Trainee: 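One structure, pasted below without further comment.
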Amino acid sequence: MSWTSGRTPTPTSTPRSTSTPSHPGVALAALAAAQFVVVLSTSIVNVALPAVAGGVGLSGTGLSWVVNAYVLAFGALLLLGGRAADLAGRRRVLLAGLLVFTAASAAAGLATTPWALVTARAVQGVGAAAMAPAALSLVVRLFPAGPGRGRALGVWGAVSGAGGAAGVLLGGALTQSLGWRSVFHASALAAAAVVVATTLLVPADRPADASPGRGSGRLDVTGALTVTTGLIALVHALATAGRTGWTDPVVLGGGAAAVVLLVVFALTERRHPAPLLPPRLLTTGSVGPANLAMTLVGAVWISLFFFLPLYQQQVLGDSPLRTGLSQLPLAAANMAGSSLAPRLARRLGPAVTLTTGQLTLAAGLLWLSALSAQGTFRSDVLGPSLAVGLGLGIVFVQLTGAAMAGVPAGDAGLAGGLVNTTRQIGGALGLAALSTLAAARSGALAPGHSHAEALTGGYRLAFLVCAAAVAAASALTPLLYRRTADAAPQSAA
């Protein structure tokens with residue numbers, strides 16, 4: 001397989017890109033490691049937050065920005081990162097993002113003031129926004145459509161799931177043994193190792209050529225600014241609503257600003273010669289419905305790793321280390337689901353495979369909605385964790401493949417950025433809304449119940465709504481694969 005744009009060089013010319021690596025699995029390992037670092041840094045701080053608050057003097061309200069700063073910068077800039085990867089070269093953008101991420105992680109570990117820590121976390125998100133879409137588009141270019149790509153995406157999904165669970169595990173272990181600063185230093189060391197691996201193992205690629213319908217090869221700055229600020233305003237409004245209520249002026253003003261900015265973004269994309277998110281991309285193959293489903297599943301994914309550790313520490317009384325260790329069964333199930341997904345798709349078909357994953361995920365979430373305030377890990381958490389992990393692994397692999405299916409090579413980075421954007425922004429929006437619902441439910445139960453029972457009631461409602469979100473995502477499956485089938489003859493041609 002060629003890593004060039006497909007042109008045949010003249011006898012006197014030399015292609016600028018390198019040849020396909022003799023061992024593509026080795027390159028896949030380096031690229032999957034980059035994705036692991038991205039996901040790891042989303043969850044590794046969750047268990048460490050109480051220690052972080054004491055270390056830099058953050059209040060309860062300010063502490064949420066240790067998470068929000070990373071998620072907002074990451075999710076809002078993913079589209080720009082994906083487009084930059086298409087225009088400047090995927091490997092080049094991946095390495096640049098890794099270097100930024102490494103420096104920001106080290107700075108976070110050295111921070112002594114709240115503003116320094118929150119700023120470093122935001123810069124971490126900027127680096128991750130360059131890394132994630134560039135790495136995914138390199139995987140798609142390395143493995144052509146077929147069983148090989150299915151297996152590669154299975155590895156990708158397994159690593160993504162493992163990164164989320166490993167973040168909770170390492171966060172608890174490092175915080176308890178070495179202190180909260182080691183959490184960020186570990187991210188810096190991991191990213192530095194991936195820089196070396198990528199430099200040695202991943203071949204360079206040629207930037208996508210500008211062509212009719214893809215613009216002139218320049219970035220859409222107006223689109224980038226409007227979509228970034230619009231998404232930040234929306235997520236900030238929803239996050240604030242969890243503390244102040246939906247009628248707070250800040251919430252209403254942020255929501256209104258988000259609507260205006262996103263409308264301006266949509267109008268800009270229809271008229272710009274080189275749009276950041278070409279409207280045609282959303283109608284290519286199954287990109288549109290796949291990303292809508294990914295938004296809903298992303299809300300479940302982020303919320304799961306937020307509420308489950310809280311239940312274990314605040315209700316069951318587990319330590320940070322024990323809480324982290326208890327995520328291992330979920331991680332193992334997630335990796336098993338990701339590995340099984342390609343084989344199930346070959347035997348059962350992609351639609352049946354995705355539906356099976358969604359039903360398994362929904363069943364596990366319904367099981368979690370029956371948590372008890374007097375429960376134990378073995379009786380209340382272990383079983384549903386296995387079902388949720390297995391279902392998430394299958395669903396993520398199938399939706400990622402569908403979101404990239406039929407996308408032209410010149411838009412691969414953009415499509416990779418979009419599918420990561422919808423997962424992250426869906427997670428931020430979902431967590432903000434579910435936190436508000438859980439807090440309201442716990443508050444309503446507080447007068448006549450114990451503190452543990454009130455908290456458990458809020459968590460149960462959150463998991464029940466998560467199950468409903470998965471059911472809503474499953475309703476898109478027929479449309480998703482019908483559009484994929486319709487696009488197949490055009491792709492073949």
Side-chain angles (χ1 to χ4, degrees), residues 39-40 42-51 67 158 160-177 180 183 300-338 357 360-395 427 431 434-435 437-439 441-442 445 449-467 470:
V39 179
L40 178 80
T42 304
S43 59
I44 196 171
V45 300
N46 288 345
V47 178
L49 286 176
V67 175
S160 297
V168 179
L169 171 62
L170 288 176
L174 291 173
T175 301
Q176 192 160 317
S177 60
W180 67 267
V183 166
V300 172
W301 169 59
I302 294 290
S303 300
L304 173 71
F305 286 106
F306 180 82
F307 288 111
L308 197 55
L310 285 179
Y311 169 74
Q312 292 180 246
Q313 293 184 78
Q314 296 182 344
V315 177
L316 300 186
D318 291 343
S319 67
L321 179 58
R322 184 179 177 87
T323 299
L325 288 170
S326 68
Q327 302 300 311
L328 290 178
L330 191 155
N334 188 283
M335 289 185 284
S338 299
T360 304
L361 175 57
L365 292 167
L366 284 174
W367 196 349
L368 283 174
S369 70
L371 291 172
S372 170
Q374 294 79 37
T376 64
F377 170 77
R378 185 174 297 178
S379 64
D380 289 65
V381 178
L382 179 58
S385 291
L386 294 174
V388 167
L390 185 66
L392 268 179
I394 296 173
V395 170
L431 180 56
L434 287 171
S435 296
L437 289 175
R441 178 61 175 165
S442 296
L445 293 174
H449 299 79
S450 68
H451 181 63
E453 290 172 335
L455 287 176
T456 302
Y459 300 150
R460 292 174 62 174
L461 176 61
F463 289 125
L464 183 62
V465 175
C466 283
V470 174

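Throughout, numbering of the chain's residues begins at 1 and tracks the sequence. What you are looking at is a predicted structure, and each value in this text was computed from that prediction instead of being measured.
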Trainee: If you define the side chain from C-beta out and look only at heavy atoms, does anything of L434 sit under 4.5 Å from V465?
Mentor: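 In contact.
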Trainee: Taking distance alone, no hydrogens or angles, what donor-acceptor pairs closer than 3.5 Å link side-chain atoms of residues 302-311 to residues at least two apart or in another chain?
Mentor:
from, atom 1, to, atom 2, distance (Å)
S303, OG, A299, O, 2.7
Y311, OH, S372, O, 2.6

Trainee: With side chain to side chain donor-acceptor pair (under 3.5 Å) as the rule and sequence neighbours excluded, what pairs involving residues 377-392 come up?
Mentor: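 Residue pairs passing side chain to side chain donor-acceptor pair (under 3.5 Å), neighbours aside: T376-S379.
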Trainee: Between L368 and R460, what is the shortest heavy-atom contact and its length?
Mentor: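 Taking L368 first and R460 second, the nearest heavy atoms are O-CG, 4.5 Å.
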Trainee: Could you tell me whether the side chain of S442 and the main chain of A454 form a donor-acceptor pair under 3.5 Å?
Mentor: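 Checking the backbone N and O of A454 against the side chain of S442, a donor-acceptor pair under 3.5 Å is found.
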Trainee: Within the distance-only criterion (no hydrogens, no angle test), does the side chain of R441 pair as donor or acceptor with the backbone N or O of G458 below 3.5 angstrom?
Mentor: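 No.
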Trainee: Rounded to the nearest 0.5 Å, how far apart are NE2 of H451 and CG of L445?
Mentor: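 Output value for this atom pair is 12.5 Å.
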Trainee: Rounded at 0.5 Å granularity, tell me how far CG in L392 sits from CG in N334.
Mentor: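 Result: 6.0 Å between the selected atoms.
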Trainee: Under the side chain to side chain contact (heavy atoms under 4.5 Å, CB included) rule, what do V39 and W301 come out as? Steps first, then yes or no, please.
Mentor: CA-CA 11 Å; V39 179; W301 169 59; 3.8 Å; yes
Trainee: So which atom in L371 and which in T456 form the shortest heavy-atom distance, rounded to 0.1 Å?
Mentor: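 Reported closest heavy-atom pair: O-CG2, 3.5 Å.
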Trainee: Can you name the side chain to side chain donor-acceptor pair (under 3.5 Å) partners of E453, sequence neighbours left out?
Mentor: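 E453 satisfies side chain to side chain donor-acceptor pair (under 3.5 Å) with S450 only.
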Trainee: How long is the gap from CG on L325 to CD on Q312, to the nearest 0.5 Å?
Mentor: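 Spacing of CG (L325) from CD (Q312) equals 10.5 Å.
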Trainee: Measure the OG1-CD distance between T323 and Q176 for me, rounded to the nearest 0.5 Å.
Mentor: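 Reported to 0.5 Å precision, the distance equals 9.5 Å.
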Trainee: Do you know the tightest heavy-atom contact between V388 and L365?
Mentor: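 Taking V388 first and L365 second, the nearest heavy atoms are CG2-N, 3.7 Å.
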Trainee: Go through the steps to decide whether L328 and L169 satisfy the test side chain to side chain contact (heavy atoms under 4.5 Å, CB included), and finish with yes or no.
Mentor: CA-CA 8 Å; L328 290 178; L169 171 62; 3.5 Å; yes
Trainee: What residues form a side-chain contact (heavy atoms from CB on, under 4.5 Å) with A363, not counting sequence neighbours?
Mentor: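 Once residues adjacent in sequence are excluded, A363 has no partner under the side-chain contact (heavy atoms from CB on, under 4.5 Å) criterion.
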Trainee: Taking all non-hydrogen atoms of both residues into account, name the closest pair between F377 and P329 and its distance.
Mentor: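 Between these two residues, the closest heavy atoms are CZ-CG, 4.4 Å.
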Trainee: Apply side chain to side chain contact (heavy atoms under 4.5 Å, CB included) to the pair V470 and V300, showing each step before the final yes or no.
Mentor: CA-CA 8 Å; V470 174; V300 172; 3.8 Å; yes
Trainee: For Q314, check side chain to side chain donor-acceptor pair (under 3.5 Å) against everything at least two apart and list the hits.
Mentor: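 In terms of side chain to side chain donor-acceptor pair (under 3.5 Å), with neighbours along the sequence ignored, Q314 is linked to Y459.
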Trainee: Just to verify, what does D318 make a salt bridge (charged side-chain N to carboxylate O under 4.0 Å, His left out) with, not counting sequence neighbours?
Mentor: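 Testing D318 for salt bridge (charged side-chain N to carboxylate O under 4.0 Å, His left out), a comparison that skips the adjacent residues, returns R322.
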Trainee: Looking at every non-hydrogen atom in both residues, tell me the closest pair between L464 and S369 and how far apart they are.
Mentor: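 Minimum heavy-atom contact is N-CB, 3.9 Å.
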Trainee: What are the two closest heavy atoms between A467 and A362, and how far apart are they?
Mentor: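 What the structure gives for the nearest pair is CB-O, 4.0 Å.
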Trainee: Are L40 and L170 close enough, and set up right, to give a side chain to side chain contact (heavy atoms under 4.5 Å, CB included), and what steps lead you there?
Mentor: CA-CA 9 Å; L40 178 80; L170 288 176; 4.0 Å; yes
